[in-house]
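Here the structure comes first, spelled out in structure tokens, and everything after it is commentary.
Computation of the quantities below employed the complete heavy-atom set of this structure, encompassing side-chain atoms and omitting hydrogens, waters and symmetry-equivalent molecules. None of these values were measured; they are calculated from a predicted model.
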Amino acid sequence: RVLLTQFTGVQCGVCPKMMHLLHPILDDPNEDRLVWVAAHTGFNSGDPAYLSPHYSEEMKVAGYPYAVIDHYYGFEWYDFQSSEALSEVIDECISVKKDVAAGIAVNVKLSGRDVVAKVSVKSPVNANYKLGGFLLEDGLYAVQQNADESWMNTHNACIRYIDAGYDFKGCSLGTIPEGQVMDYVFVWNIDEIWKSNAIYWDECVVENLRVAFFVSTTDANGNYYVNNAVECAVNSQLSFEYK
């Protein structure tokens with residue numbers, strides 16, 4: 001899967017154009033090629049999902065709306081004439097890495113106020129990997145500026161916390177030999193996360209929390225890109241997928 005990060009904000013008057021571009025893809029019940037996360041880093045006023053802009057700065061976001069595929073390929077809403085054209089690019093991104101994508105298995109539980117996730121990464125080739133994670137929340141209501149559809153006022157996949165190292169490429173796993181598995185455990189305290197962002201956020205709705213994880217590695221030119229990504233609900237697990 002590809003990781004598609006949407007950079008947005010409820011005060012962004014042009015963001016509905018990106019929403020219209022992404023919506024047919026994200027709303028397709030048969031769509032399983034991507035993991036979508038929404039970074040509300042654009043404008044903090046009145047945005048219940050506001051996130052520190054450090055992530056967007058690292059992703060070289062110069063304006064809003066903006067989206068990035070696999071922490072590698074960025075685009076504006078007007079770069080595509082249709083959602084179908086964007087789907088073709090997603091297919092291309094998947095085809096490039098289909099034989100080298102690492103497997104990801106997840107077991108995530110809510111223990112008290114801690115989200116505890118054991119993530120296992122299986123390497124198809126000898127490679128150096130990094131691993132990152134997102135804590136997401138669905139169902140946040142806020143009026144979207146210039147919204148022309150009611151669904152635009154309900155904000156899903158909102159990033160509440162990122163655990164992916166200082167550069168957001170991931171926490172180093174080192175080299176994993178071909179066919180081997182390496183485990184990594186994330187522990188995120190909900191109360192600490194919400195307290196540190198209390199000026200912007202209301203109390204979280206635990207039932208609306210999800211997690212997403214990505215593995216990154218380098219291409220032939222030494223540039224990091226997201227090699228694979230998965231998502232699941234809290235108190236659930238994912239096994240390795242074989243296709």
Side-chain angles (χ1 to χ4, degrees), residues 1 3-12 15-16 18-19 22-23 25-29 31-32 34-56 64-65 67 104 106-119 131-164 168 185-214 229-238:
R1 292 176 177 82
L3 174 66
L4 193 155
T5 307
Q6 175 190 5
F7 291 92
T8 186
V10 299
Q11 298 287 325
C12 172
C15 284
M18 180 68 82
M19 293 177 172
L22 298 178
H23 187 67
I25 301 173
L26 300 175
D27 201 44
D28 183 350
E31 176 57 75
D32 65 352
L34 56 84
V35 171
W36 164 58
V37 297
H40 286 239
T41 54
F43 309 85
N44 63 11
S45 178
D47 195 332
Y50 180 70
L51 187 72
S52 165
H54 300 315
Y55 183 36
S56 60
Y64 293 82
I104 307 174
V106 180
N107 189 341
V108 56
K109 297 184 181 297
L110 183 64
S111 176
R113 299 291 285 179
D114 289 336
V115 175
V116 181
K118 178 185 176 182
V119 183
L131 175 67
F134 298 97
L135 181 63
L136 309 174
E137 187 176 8
D138 294 326
L140 294 173
Y141 180 84
V143 174
Q144 176 67 49
Q145 186 172 335
N146 290 341
D148 54 8
E149 299 280 353
S150 60
W151 56 264
M152 292 182 176
N153 299 318
T154 300
H155 304 274
N156 295 315
C158 300
I159 299 174
R160 291 310 209 176
Y161 185 67
I162 307 174
D163 193 345
F168 301 104
V185 177
F186 293 91
V187 180
W188 302 327
N189 183 269
I190 295 174
D191 292 331
E192 290 180 2
I193 291 171
W194 257 257
K195 183 179 179 180
S196 65
N197 294 278
I199 193 170
Y200 305 115
W201 295 356
D202 294 327
E203 185 67 25
C204 77
V205 179
V206 174
E207 294 76 14
N208 290 346
L209 295 179
R210 288 188 290 122
V211 294
F213 297 96
F214 67 88
V230 297
E231 62 180 331
C232 65
V234 173
N235 292 324
S236 67
Q237 55 186 336
L238 293 174

statement: Value for OG1 (Thr154) from CD (Glu149), rounded to nearest 0.5 Å, stands at 12.5 Å

message: If you compare all heavy atoms of Cys232 against all heavy atoms of Val108, which two are closest, and at what distance to 0.1 Å?
response: SG-CG1, 3.7 Å

Shortest non-hydrogen contact between Ala39 and Leu51, atoms and distance: CB-CD2, 4.3 Å

query: Atom CD of Glu192 and atom CG of Asn189: how far apart are they, to the nearest 0.5 Å?
result: 4.0 Å

query: Would a 4.5 Å heavy-atom cut-off, applied to side chains only, mark Pro65 and Thr8 as touching?
result: no

statement: So NE2 of His54 and CD1 of Ile162: to nearest 0.5 Å the spacing works out to 10.5 Å

- prompt: Is there side-chain contact between Asp47 and Tyr200, with at least one heavy-atom pair below 4.5 Å?
  reply: no

field: Validation row: Val10, Val143 side chains within 4.5 angstrom (heavy atoms)
entry: no

- prompt: With side chains defined as the heavy atoms from C-beta onward, is the minimum distance between Tyr141 and Pro48 less than 4.5 Å?
  reply: no

message: To the nearest 0.5 Å, what is the distance between CD on Glu137 and CD on Glu207?
response: 10.0 Å

query: With sequence neighbours left out, what residues match Cys15 under disulfide (SG to SG under 2.5 Å)?
result: Cys12

- request: Please find out if less than 6.0 Å separates the ring center of Phe214 from that of Phe134.
  value: yes

query: Can you tell me if Asp163 uses its side chain to pair, donor with acceptor, with the backbone of Gly133 under 3.5 Å?
result: no

Partner set under salt bridge (Lys or Arg N to Asp or Glu O under 4.0 Å) for Asp114, not counting sequence neighbours: none

query: Of all heavy-atom pairs between Asp138 and Ala157, which one has the smallest distance, and what is that distance?
result: OD1-N, 2.8 Å

query: Just checking, is any N or O donor in the side chain of Trp36 or Gln6 under 3.5 Å from an acceptor N or O on the other one?
result: yes

query: Roughly how far apart are Phe213 CZ and Leu238 CG, rounded to 0.5 Å?
result: 9.5 Å

query: Taking all non-hydrogen atoms of both residues, which atom of Ala49 and which atom of Leu140 are closest, and how far apart?
result: CB-CD1, 3.7 Å

query: Hey, are the side chains of Val206 and Arg113 touching, using non-hydrogen atoms and a 4.5 Å cut-off?
result: yes

- request: Kindly indicate whether the side chain of Met19, heavy atoms from C-beta on, has any atom under 4.5 Å from the side chain of Trp151.
  value: yes

message: Checking Leu3 against Leu34 for the side chain to side chain contact (heavy atoms under 4.5 Å, CB included) test, could you report, in this order, the C-alpha distance in whole Å, the side-chain angles of both residues, the deciding distance, and whether it holds?
response: CA-CA 6 Å; Leu3 174 66; Leu34 56 84; over 6 Å; no

field: Glu231/Arg1 under side chain to side chain contact (heavy atoms under 4.5 Å, CB included): CA gap, chis, key distance, verdict
entry: CA-CA 10 Å; Glu231 62 180 331; Arg1 292 176 177 82; over 6 Å; no

- prompt: So Leu209 and Leu136, side chain to side chain contact (heavy atoms under 4.5 Å, CB included) or not? Walk me through it.
  reply: CA-CA 6 Å; Leu209 295 179; Leu136 309 174; over 6 Å; no

statement: Tightest non-hydrogen contact, residues Gln11 and Phe43, listed as CB-CB, 3.6 Å

- prompt: Judged by modelled atom types alone, do Tyr50 and Thr41 share a side-chain donor-acceptor pair under 3.5 Å?
  reply: no

- request: Check whether any side-chain heavy atom of Ile193 sits under 4.5 Å from a side-chain heavy atom of Leu135, and report yes or no.
  value: yes

- request: Taking all heavy atoms of Val234 and all of Lys109, pick out the closest pair and write down the distance.
  value: CG1-C, 4.3 Å

message: I need the Arg160 CZ to Ile190 CD1 distance, nearest 0.5 Å.
response: 11.5 Å

query: Are side-chain heavy atoms of Leu26 and Leu4 found at a separation under 4.5 Å?
result: no

- request: Take Leu131 and Phe186 through the side chain to side chain contact (heavy atoms under 4.5 Å, CB included) test and state the conclusion after the steps.
  value: CA-CA 10 Å; Leu131 175 67; Phe186 293 91; 3.6 Å; yes

